[in-house]
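The structure under discussion appears below in the form of structure tokens.
Position 1 is the first residue of the sequence, and the numbers go up from there. Counting starts at 1 for both ligands and their atoms, following the listed order.
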Amino acid sequence: MKFDIVTIFPRMFEGPTREGILGRAIERHLVDLRVHDLRDFTDDRHRTVDDVAYGGGPGMVLKPAPLFRAVEAIREERGVPEAVILTSPQGRTFTQAEAERLSRLGHVVLLCGRYEGVDERVRELVATEELSIGDYVLTGGELPALVVLDAVVRLLPGVVGDEQSVEQDSFRRGLLDHPQFTRPAEFRGLAVPGVLLSGHHAEVRRWRKRQALERTIDRRPDLLAAAQLDEEERAILREVQAQRKEESDDACD
Ligand code: 9D3
């Protein structure tokens with residue numbers, strides 16, 4: 001998969017794209033990533049990328065021409081991308097479903113917003129869509145672009161060694177993960193639940209499903225409505241709900 005990222009801070013991508021699973025995917029050419037410095041697409045001596053807002057007000061706005069030229073150059077060198085994504089607080093929220101959709105494309109361009117915003121004509125003429133990574137204020141679109149890159153790349157075939165771990169992604173199925181333990185069997189007085197040491201695979205699977213369901217009910221009840229549960233999980237969910245109803249009735253008595 002081809003990715004092109006356009007930014008005024010290309011060095012922000014150096015560390016994250018060299019390390020870990022993302023770094024290895026790039027090394028192994030499973031991803032063809034290019035990071036472009038927006039200033040290379042300016043035409044003045046000062047390499048100006050921003051300007052004051054028409055109508056006044058504080059802060060600077062990214063000029064349209066350098067972004068426009070950057071995407072033109074990418075099209076010429078690298079072919080026509082299926083998506084040109086502007087990262088911005090006004091975008092749709094990036095989700096696992098969005099990551100899966102993008103992972104099915106062959107070529108994606110990410111334009112990193114900065115300052116107070118981007119000239120509106122970039123949205124109209126260059127970007128095909130706009131994405132935010134959530135409702136908090138960042139200083140620019142570089143970290144969001146890295147978030148999108150990371151979430152999409154790990155879905156590509158061969159990137160994550162164990163295909164099962166991608167299949168079983170909790171967000172994919174709409175449930176949170178069950179608790180995990182490793183050695184030692186007892187640590188500072190806290191023991192690993194006996195069932196995990198028992199060797200009863202069916203029991204372990206049921207325990208994990210129950211834990212995942214209980215955690216989701218407690219912490220992310222919003223996820224449960226859309227969760228894709230198998231038959232065993234639906235049965236465990238009814239059990240948990242019945243048990244909790246008993247407990248809340250007991251509390252009334
Ligand atoms: C919404 C705040 N804006 C109103 C004055 C100003 C503003 C703040 C921060 C405009 C742009 C930015 C920089 N943020 C991004 O470019 C950005 C972002 C974010 O801040 N949060 C979550 N996702 C994203 S994607 C790009």
Side-chain angles (χ1 to χ4, degrees), residues 1-17 19-20 22 31 33-42 47-74 81-105 107-155 169 171-172 219-220 222-223:
M1 180 172 182
K2 282 191 276 192
F3 269 99
D4 288 272
I5 296 176
V6 181
T7 172
I8 60 167
F9 295 123
R11 285 182 305 184
M12 281 185 75
F13 294 84
E14 285 177 7
T17 60
E19 303 291 334
L22 184 55
V31 191
L33 171 69
R34 295 231 191 127
V35 179
H36 308 265
D37 187 340
L38 184 62
R39 291 191 197 280
D40 293 343
F41 302 95
T42 54
R47 313 227 298 161
T48 310
V49 291
D50 59 338
D51 204 341
V52 294
Y54 273 121
M60 303 294 274
V61 175
L62 278 183
K63 293 162 69 63
L67 283 166
F68 202 97
R69 284 195 209 103
V71 174
E72 265 175 355
I74 289 166
E82 284 112 319
V84 179
I85 301 170
L86 177 64
T87 58
S88 111
Q90 280 82 52
R92 276 198 315 283
T93 308
F94 183 63
T95 59
Q96 189 64 26
E98 294 279 350
E100 286 174 17
R101 175 177 64 85
L102 295 177
S103 76
R104 290 189 282 267
L105 304 181
H107 185 189
V108 170
V109 175
L110 287 161
L111 306 176
C112 303
R114 268 278 148 181
Y115 309 119
E116 281 306 293
V118 177
D119 186 285
E120 191 63 23
R121 288 158 298 184
V122 171
R123 286 186 178 82
E124 291 183 26
L125 296 172
V126 188
T128 61
E129 53 188 289
E130 205 167 331
L131 289 178
S132 159
I133 60 163
D135 294 341
Y136 33 81
V137 182
L138 302 171
T139 57
E142 282 75 13
L143 293 172
L146 280 163
V147 166
V148 170
L149 180 70
D150 190 274
V152 172
V153 166
R154 69 177 287 285
L155 295 174
D169 271 350
F171 278 114
R172 184 163 177 172
R219 302 183 193 184
R220 294 294 305 276
D222 58 304
L223 292 181

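Each of the following atoms of ligand 1 lies closer than 4.0 Å to a heavy atom of E116: 5 (C), 6 (C), 10 (C). Taking every non-hydrogen atom of S88 and a distance limit under 4.0 Å, the qualifying atoms of ligand 1 come out as 25 (S), 26 (C). Near L131, meaning under 4.0 Å from one of its heavy atoms, ligand 1 places the atoms 25 (S). Set against the non-hydrogen atoms of I133, the atoms of ligand 1 under 4.0 Å away are 22 (C), 23 (N). Close contacts of ligand 1 with T139, meaning ligand atoms under 4.0 Å from a residue heavy atom, involve 13 (C). Taking every heavy atom of V137 and a limit of under 4.0 angstrom, the matching atoms of ligand 1 come to 8 (C), 9 (C), 20 (O).
In plain terms, the two heavy atoms of E142 and G113 that are nearest each other are OE1-O, 4.1 Å. The two residues S132 and P89 make their nearest non-hydrogen contact at CB-O, 4.0 Å. In plain terms, the two heavy atoms of V6 and A70 that are nearest each other are CG1-CB, 4.0 Å.
R114 places a side-chain N or O within 3.5 Å of a backbone atom of T139 that can act as its donor or acceptor partner. T128 places a side-chain N or O within donor-acceptor distance of the main-chain N or O of V84, the cut-off being under 3.5 Å. A donor-acceptor pair under 3.5 Å is absent between the side-chain atoms of E129 and the main chain of I85, judged by distance alone.
With distances taken over non-hydrogen atoms, the option nearest atom 18 (C) of ligand 1 out of G141, G91, P89, C112 is P89.
Nearest protein heavy-atom neighbour of atom 11 (C) of ligand 1: Y115 O, 3.5 Å.
Remark: ligand 1 and Y136 share an N or O pair separated by less than 3.5 Å (distance only, no angle test). By the 3.5 Å distance cut-off applied to N or O atoms, L138 is counted among the residues near ligand 1.
Of the residues listed (V35, V109, V108, L111), the one engaging D4 in a side chain to side chain contact (heavy atoms under 4.5 Å, CB included) is V109, and it is the only one.
With a heavy-atom cut-off of 4.0 Å, P144 touches ligand 1 through its side chain alone.
Protein heavy atoms are absent from the 4.0 Å sphere centred on atom 2 (C) of ligand 1.
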What do the steps show when you test Q96 against L155 for side-chain contact (heavy atoms from CB on, under 4.5 Å), and what is the final call?
CA-CA 10 Å; Q96 189 64 26; L155 295 174; 3.8 Å; yes
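Between D119 and R121 there is a salt bridge, since at least one side-chain N of the basic residue sits less than 4.0 Å from a carboxylate O of the acidic one.
Using a 4.0 Å heavy-atom cutoff, G134 is listed among the residues neighbouring ligand 1.
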